**Student:** 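This is the structure I want to talk about, given as structure tokens.
Letters A, B, ... mirror the listed sequences (proteins, then strands); counts begin at 1. Everything numeric in this text was worked out from a predicted model, so none of it was measured.
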4 protein chains.
Amino acid sequence: MNVHSFLLSLSYQIKHMVALSKSDIKRNALINATIKLVISNGFHATPMSKIAKEACISPGTIYLYYKNKQDLINNVYLHVKQKFTQAIFQNYTNNTPVEESFKIIWYQIADYRLKEVAEALFLSHCDNTPIIDDESRKEGIKHLQPLLDLWERGQIDGIIKKACPYVLYAYAVYPLAFLINAKQRDDYELTDESKEQAFKMAWDSIKITEHKS
Amino acid sequence: MNVHSFLLSLSYQIKHMVALSKSDIKRNALINATIKLVISNGFHATPMSKIAKEACISPGTIYLYYKNKQDLINNVYLHVKQKFTQAIFQNYTNNTPVEESFKIIWYQIADYRLKEVAEALFLSHCDNTPIIDDESRKEGIKHLQPLLDLWERGQIDGIIKKACPYVLYAYAVYPLAFLINAKQRDDYELTDESKEQAFKMAWDSIKITEHKS
Amino acid sequence: MNVHSFLLSLSYQIKHMVALSKSDIKRNALINATIKLVISNGFHATPMSKIAKEACISPGTIYLYYKNKQDLINNVYLHVKQKFTQAIFQNYTNNTPVEESFKIIWYQIADYRLKEVAEALFLSHCDNTPIIDDESRKEGIKHLQPLLDLWERGQIDGIIKKACPYVLYAYAVYPLAFLINAKQRDDYELTDESKEQAFKMAWDSIKITEHKS
Amino acid sequence: MNVHSFLLSLSYQIKHMVALSKSDIKRNALINATIKLVISNGFHATPMSKIAKEACISPGTIYLYYKNKQDLINNVYLHVKQKFTQAIFQNYTNNTPVEESFKIIWYQIADYRLKEVAEALFLSHCDNTPIIDDESRKEGIKHLQPLLDLWERGQIDGIIKKACPYVLYAYAVYPLAFLINAKQRDDYELTDESKEQAFKMAWDSIKITEHKS
DNA sequence: GATGAATGAGAATTCATTCAT
DNA sequence: AATGAATGAATTCTCATTCAT
């Protein structure tokens, strides 16, 4: 390869990078705009034109990235869900004892939701509302597999109650959504202390108690 | 009471019932239609015309009963919330021991939601979505006071954790909403057995455990 | 006729008078309500229900008196027009000299419009707007005949310009409508002095001037 | 200017014309459609859909140009008023003697209204009806300033009666509106001769007469 | 790829009119 | 005669989507 062709290739790559970048920037702006507007207005009360304006692009451009409004919301949902589960399972290994593992994951869930409030509200909104396609919803649940595996391990070890995953999720994870919603609406403060307490309650609910209560 | 006065009274009652009926039947049909359509399509994806059709009345007639769509949803929300809280606090007295009281109320909540699935889904939808006016939302929360009082009593007695009502609610009541949603969507079965288990988890999460876990 | 039948007949008459009265009261209330609402909102922006409410009757009752909304406005227009022309031509005889006659009529027009501002605005509204049926409009013009006769007399006598009635009306009468409108909107005050001046201008415009201007 | 720069300039102008066209053609079609339909049906009896159809655009497109129906009528009113006053004051200078100036303006008013009958009827409709916002109405009056100035000049010179502008307008200009209305409705013909006569009447009404009448 | 003007179907709401009482 | 609840057609306005540039 001579210098000339190398430079050509380089220029192409840079150009391509920039092109990718540009498109990724837009895609990201689009996602954030969608999240922001959906949590404050609801999906159907959020026009595509406003999403476009918030993302600083033209309404027509959205359709270069997504087939239609439903496709947009489905994809944003999956994107956020994925980002969320990626965050909460980082560093997870199945060597760690069950309780410790659960504690790590639970705090990572809590901290993520406290840091990324908009995303948390968005997920809560989508999960309690019929706006997401069944297919996408099921796709989103899959990502939780490590948590389900952990619970199964805990059940085998006699540490965690023999409830089905839905029930365990309802008590161990779902309440956090309520607390984030409340925090957003009622100035309820979720301090480190009350976070600790919430964790204890989550764990108390799913662990097996040796003594009768 | 003699026969005559009895019949008079009866006739009055019947007449009164009929008088109530005319508009109350419509109002009820309207409420049920709204609940049904909102839980399956979402509020903003449910046109007034469809609500009218479902309620077997003319679109214009809705506006004789409610000022506008927002007024309709606010009122339906408050109606359902009230009906719900009325049901779960029936027979409640503050003489009963805390745990027993909680158990009674919890089971009444669970049973009501299992029996009135549509209403339960509707409340869940409204509570996790920005469609209800702040004012109506706050109005709706008030009805829960007896439960908050019970918790306070339990805290004074050293039976219930010293968490704020939001947190207690998040763990003791909110998970049920998830289970109803799941049941509706995934054919997850909420049997008597799993109901018992769910109650145990709720109670374990909020009660104070004597021994360290 | 014996006493009994006399009393019967009397009672009938009284009853009949009352009945007439009742209906006339409603008819009047209806007319006044229509005038009031039309001048402040316009005909098409005034719902029948509001007219009914303003007249303290039920919407359905309007249709006992008038075939429909168009029929209502036509009749109100003719009623007001008739009342107006009746007022301005009272005491008119064609013995009086032309200028004096004109002065009397002009002042009666002005005074009537100043006293019955609502009616004046209503007529102005109807006359500059396509809401009145052609037929009713033509019917309304007929009532002005005495004024046209007076002008003809004036023209024969060489006192009034040989313009057609439309032109004479445009200058002698129509300007008053503008002044009433202005008075209503801009707090322009129509004092006795300016009324005198307005009359002079009306007369100057239609009278024949001996000298070149 | 050489050929090259001329062609450049021409090309720019054409491009500019075309650029203007796209939206200006629509805006104009919209204005004309509004005028036409409002004068024959009245504002509130003219649906936006009909205006759109008349202007050969889609109903939704109107809302790209005007915020709502009220905004549309306000803007059309101001547009027509401006076009009208621009036409009647062209060539006006305050060097010309008062009477001559008035004659020129009066004839320009008359001729404009005779030529642009639709616009004239539209202005008459708006000016005698509560459909225009107060703000826009006041804005529209401002344009008449030169005429008010002329009258003031005439009053200082002792040529024009010391009446306030409203009164002068009522007699000198307003009658024309009546004549145009009449011409439109009753086939009353406004010939050159009667136009001359109308002018004389307008002038007679506002000028100061040396001799008592 | 990107734009944003234009579309037109569909939404909320109003209101003239009817009709059972 | 009088009512006023009910109707449903018609109106204003919105917004997902397209397409010429």
**Student:** From the options dA2(F), dG8(E), dA16(F), select the nucleotide whose nearest atom is closest to the side chain of P59(D).
**Tutor:**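 It is dG8(E).
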
**Student:** Between atom CZ in F43(C) and atom P in dT14(E), what is the gap in whole Å?
**Tutor:**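 Rounded to the whole Å, the gap is 19 Å.
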
**Student:** Taking R185(D) first and then D127(C), would you say they form a salt bridge - that is, a charged N and a carboxylate O separated by under 4.0 Å?
**Tutor:**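 The answer is no: the pair does not qualify as a salt bridge.
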
**Student:** Could you give the OH-to-P distance, from Y66(D) to dA6(E), as a whole number of Å?
**Tutor:**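 From Y66(D) OH to dA6(E) P: 13 Å.
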
**Student:** Output, in order, the C-alpha distance, side-chain angles, deciding distance and verdict of side-chain contact (heavy atoms from CB on, under 4.5 Å) for Y63(B) and D71(B).
**Tutor:** CA-CA 10 Å; Y63(B) 294 85; D71(B) 189 44; over 6 Å; no

**Student:** Establish, with yes or no, whether the OP1 or OP2 oxygen of dA6(E) is under 4.0 angstrom from a side-chain nitrogen or oxygen of Y63(D).
**Tutor:**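 For dA6(E), neither OP1 nor OP2 has a side-chain N or O of Y63(D) closer than 4.0 Å.
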
**Student:** Among the nucleotides dT7(E), dT11(F), dA16(E), which one has an atom lying closest to any side-chain atom of K26(D)?
**Tutor:**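 Looking only at heavy atoms from C-beta outward on K26(D), the closest nucleotide is dT7(E).
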
**Student:** Looking at every heavy atom in both L78(D) and E139(D), which two are closest together, and how far apart are they?
**Tutor:**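 Minimum heavy-atom contact is CD2-CG, 3.6 Å.
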
**Student:** Which whole-number value in Å describes the distance from N41(B) CG to dA11(E) P?
**Tutor:**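 Going from N41(B) (CG) to dA11(E) (P), I get 11 Å.
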
**Student:** Does dA6(F) have OP1 or OP2 sitting under 4.0 Å from an N or O in the side chain of S58(B)?
**Tutor:**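 Answer no for this pair, as no side-chain N or O of S58(B) is under 4.0 Å from OP1 or OP2.
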
**Student:** Nearest 0.5 Å, please: how far is CG in N32(C) from CG in L37(C)?
**Tutor:**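 Spacing of CG (L37(C)) from CG (N32(C)) equals 10.5 Å.
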
**Student:** Give the rounded distance in Å between these two atoms: CG of D24(D) and C1' of dA5(E).
**Tutor:**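 In whole Å, dA5(E) C1' lies 14 Å from D24(D) CG.
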
**Student:** With a 4.5 Å limit on heavy-atom distance, are the side chains of N75(B) and Y65(B) in contact?
**Tutor:**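 Sidechains of Y65(B) and N75(B): no contact.
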
**Student:** Whole-Å distance between dT17(E) C1' and L64(C) CG?
**Tutor:**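 Checked: the CG to C1' distance equals 12 Å.
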
**Student:** For the side chain of T61(D), counting heavy atoms from C-beta on, which of dC15(F), dA16(E), dA6(E) is nearest?
**Tutor:**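 Nucleotide nearest to T61(D)'s side chain: dA6(E).
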
**Student:** Would you kindly give the NZ-to-C1' distance between K69(A) and dT18(F), to the nearest whole Å?
**Tutor:**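 To the nearest whole Å, that distance equals 17 Å.
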
**Student:** Nearest-Å distance, CG (L30(B)) to P (dA12(E))?
**Tutor:**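 After rounding, the gap between these two atoms is 13 Å.
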
**Student:** Could you check how far CD1 of I62(B) sits from P of dT7(F), rounded to whole Å?
**Tutor:**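 Atom CD1 in I62(B) sits about 10 Å away from atom P in dT7(F).
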
**Student:** Does any pair with a residue in residues 34-60 of chain D pass side chain to side chain donor-acceptor pair (under 3.5 Å), and if so which ones, sequence neighbours excluded?
**Tutor:**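 Counting only pairs at least two positions apart or across chains, the side chain to side chain donor-acceptor pair (under 3.5 Å) contacts touching residues 34-60 of chain D are K36(D)-E54(D).
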
**Student:** Using a heavy-atom cut-off of under 4.0 Å over every strand shown, decide if K67(C) touches base, sugar-phosphate, or nothing.
**Tutor:**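 Contact class for K67(C): none.
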
**Student:** Pick the closest DNA chain F nucleotide for H44(D) and for I57(B) by heavy atoms, then say which residue is nearer the 5' end.
**Tutor:**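 Checking each residue's closest nucleotide, the 5'-ward one belongs to I57(B).
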
**Student:** Taking for each residue the nucleotide of DNA chain F bearing the nearest heavy atom, is the 5' side occupied by N68(A) or by M48(D)?
**Tutor:**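 Per heavy-atom nearest nucleotide, the more 5' residue is M48(D).
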
**Student:** If you find the nucleotide of DNA chain E closest to P47(B) and the one closest to C56(D), which residue's nucleotide is nearer the 5' end?
**Tutor:**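 Result of the comparison: C56(D).
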
**Student:** Grab the two heavy atoms, one from R137(D) and one from T129(D), that are nearest each other, plus how far apart they are.
**Tutor:**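 Nearest heavy atoms, R137(D) then T129(D): NH2-O, 3.1 Å.
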
**Student:** Dot-bracket for DNA chain F, 5' to 3', with Watson-Crick and G-U pairs under 3.5 Å, [ ] for crossing pairs and | for other-strand pairs: what is it?
**Tutor:** .||||||||||||||||||||

